[in-house]
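Scroll down for the structure; my scribbles are underneath it.
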Amino acid sequence: MSISTLTLNDGNQVPWIAFGTGTALFQHDAQDAVKTAIANGFTHLDGAQMYENEESLGAGIKASGMPRSALFITTKFHRLQPDQTAKSALQVSLKKLGVEYVDLYLVHVPGHHAGRLKEVWKSMEECKREGLSKSIGVSNFEVEHLEEILEGAEFPPSVNQVEIHPYVWKSLQPVIALHKQHNIVTSSYAGLSPIFRAPGGPLDPVIEKIRARLESTRGEPVSAGHVLNKWLEQYGILVVTTSSKADRMREYLDTANVPRLTAEEIESIEIAGAQRQQKFFWD
């Protein structure tokens, strides 16, 4: 199964969907899950120093037998330790992952670097210049954080990975507008939160109506997860998702084969989402 790609502002290509090793895998051994994800078609693997499982992510990659060139690996910089830089932290991550470079390196949380974001970004740029990471970006950044590092940056962030689902969509519009201005790819995590973390909300009947229509159109099963991931895909958003179940992994990758949502369906999702403003992470 070929996975379509998004073009980053530095010209590199990124698979539009990634298997993440946070949430359920946070501080847990990720080897088996990563090996299963790769066996079921994932090529983009999204890790982080904060997850404390980079060694097992690397072990899963090795155990898969997939050549490094066929994979896209992301990790994220946690926080500055004494006598450390984002570059030296990445060098430690590369050893843990068992690779010579990552494809994408993100600053994980801006609040960990208050007053030092420019300094951290300079070190991130050094990682890109030296080929330790092909692309660099950020995560959980709001408008003011992006503006702080964009001023005087040699390389603008290629990606900003944030919590995205219909219950935060309205509040995200200022940061998404800034992404468009600088050709920053918007990446999502926790995209299925309305289904798994807040069932019974205003989105539920809207999602079910769309799901039934898509299933009828397709002639094959369509899930609520398909609907929300399709909504993200149609906006050109880089989706990070996770599961321990092989059938769920295949379902996520199958999103590309689901019929497109209509403009009216997209609007109905966003109207329902605006009725409940709720974040589940980093509030």
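All values derive from a computational prediction rather than experimental measurement. Atoms considered below: every heavy atom in the structure, side chains included; atoms not considered: hydrogens, waters and symmetry mates.
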Determine whether more than 12 heavy atoms belonging to other residues, nucleotides or ligands lie under 6.0 Å from atom [atom1] of [X].
X	atom1	value
Glu151	CD	no
Arg116	CZ	no
Glu100	CD	no
Glu130	CD	yes

[X], [Y]: one ILVMFWY side-chain cluster at the under-4.5 Å cut-off?
X	Y	answer
Val143	Ile176	yes
Tyr101	Val99	no
Phe196	Trp231	yes

Is any side-chain heavy atom of [Y] closer than 4.5 Å to one of [X]?
X	Y	result
Leu228	Leu232	no
Thr262	Arg213	yes
Ile164	Leu172	yes
Ile184	Leu178	no
Ile136	Phe155	yes
Leu57	Leu45	yes
Met50	Lys76	no
His145	Leu117	yes

With side chain to side chain contact (heavy atoms under 4.5 Å, CB included) as the test, would you mind laying out the steps for Lys87 and Leu132 before giving the verdict?
CA-CA 8 Å; Lys87 176 185 168 183; Leu132 300 176; 3.9 Å; yes
[X] side chain to [Y] main-chain N or O, any donor-acceptor pair under 3.5 Å?
X	Y	value
His78	His108	no
Arg68	Leu71	yes
Ser56	Ala59	no
Ser216	Ala212	no
Ser123	Val120	no

Using every non-hydrogen atom in the two residues, find where [X] and [Y] come nearest and quote the distance to one decimal.
X	Y	result
Pro259	Thr217	CG-CG2, 4.1 Å
Ala190	His165	O-CD2, 3.3 Å
Ile195	Gly225	CD1-N, 3.6 Å
Pro15	Ile3	CB-CG2, 4.0 Å
Ala30	Asn53	CB-ND2, 4.0 Å
Leu80	Ala86	CD2-N, 4.2 Å

Pairs involving residues 186-197, ordered by first then second residue, that meet side-chain hydrogen bond (donor to acceptor under 3.5 Å, both in side chains) (sequence neighbours left out):
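Non-adjacent pairs meeting side-chain hydrogen bond (donor to acceptor under 3.5 Å, both in side chains): Asn140-Tyr189, His179-Thr186, Ser193-Arg197.
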Salt-bridge criterion met for [X] and [Y] (N-O under 4.0 Å):
X	Y	result
Arg211	Glu215	yes
Asp254	Lys230	no
Lys209	Glu265	no

List, one per line, each side-chain donor-acceptor pair under 3.5 Å for residues 4-11, sequence neighbours excluded.
from, atom 1, to, atom 2, distance (Å)
Thr5, OG1, Gln13, OE1, 2.7
Thr7, OG1, Gln13, OE1, 3.4
Thr7, OG1, Gln13, NE2, 2.8
Asn9, OD1, Ser158, OG, 2.8
Asn9, ND2, Pro157, O, 2.9
Asn9, ND2, His182, O, 3.3
Asn9, ND2, Asn183, O, 3.4
Asp10, OD1, Asn12, N, 3.0
Asp10, OD2, Asn12, ND2, 3.2
Asp10, OD2, Lys128, NZ, 2.9
Asp10, OD2, Ser135, OG, 2.7

Can you check side chain to side chain donor-acceptor pair (under 3.5 Å) on Trp121 and Glu148, steps first, answer last?
CA-CA 10 Å; Trp121 190 248; Glu148 185 175 342; over 6 Å; no
Check the pair Val138, Leu146 against side chain to side chain contact (heavy atoms under 4.5 Å, CB included), reporting the backbone distance first and the verdict last.
CA-CA 9 Å; Val138 296; Leu146 285 168; 3.9 Å; yes
Assess, by modelled atom type and distance only, whether the side chains of Tyr105 and Lys134 contain a donor and an acceptor separated by less than 3.5 Å.
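There is no such pair between these side chains.
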Cut-off 3.5 Å, side chains only: do Glu54 and Ser93 have a donor facing an acceptor?
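A pair is found: one side chain offers a donor N or O, the other an acceptor, under 3.5 Å apart.
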Evaluate the side chain to side chain donor-acceptor pair (under 3.5 Å) criterion for residues Asp46 and Gln161: first the C-alpha distance (whole Å), next the side-chain angles of each, then the deciding distance (0.1 Å), finally the verdict.
CA-CA 11 Å; Asp46 180 277; Gln161 186 183 123; 3.1 Å; yes
Distance from [X] atom [atom1] to [Y] atom [atom2], nearest 0.5 Å?
X	Y	atom1	atom2	answer
Lys170	Ile271	NZ	CD1	11.0 Å
Arg79	His113	CZ	NE2	7.5 Å
Gln31	Ile61	CD	CD1	10.5 Å
Gln84	Leu90	CD	CG	10.5 Å
Leu214	Leu261	CG	CG	6.0 Å
Arg250	Thr255	CZ	OG1	13.5 Å

Do the two ring centres, one from Trp169 and one from Tyr235, sit under 6.0 Å apart?
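Aromatic pair counts; centres sit under 6.0 Å.
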Mind checking what makes salt bridge (charged side-chain N to carboxylate O under 4.0 Å, His left out) contact with Arg129, not counting sequence neighbours?
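Counting only residues at least two positions away or on another chain, Arg129 forms a salt bridge (charged side-chain N to carboxylate O under 4.0 Å, His left out) with Glu154.
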If the test is side chain to side chain contact (heavy atoms under 4.5 Å, CB included), which one of Ile73, Thr75, Val185, Val159 qualifies with Leu104?
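With Leu104 as partner, side chain to side chain contact (heavy atoms under 4.5 Å, CB included) holds for just one option, Val159.
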Output, in order, the C-alpha distance, side-chain angles, deciding distance and verdict of side chain to side chain contact (heavy atoms under 4.5 Å, CB included) for Val14 and Asp103.
CA-CA 9 Å; Val14 56; Asp103 297 276; over 6 Å; no
Start with the C-alpha gap between Lys122 and Thr85, add the side-chain angles, then the distance that decides, and say whether side chain to side chain contact (heavy atoms under 4.5 Å, CB included) holds.
CA-CA 10 Å; Lys122 291 298 179 193; Thr85 64; over 6 Å; no
Which one of Tyr252, Phe42, Phe72 satisfies the ring-ring contact (aromatic ring centres under 6.0 Å, His included) criterion with Phe19?
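Of Tyr252, Phe42, Phe72, ring-ring contact (aromatic ring centres under 6.0 Å, His included) with Phe19 is met by Phe42 alone.
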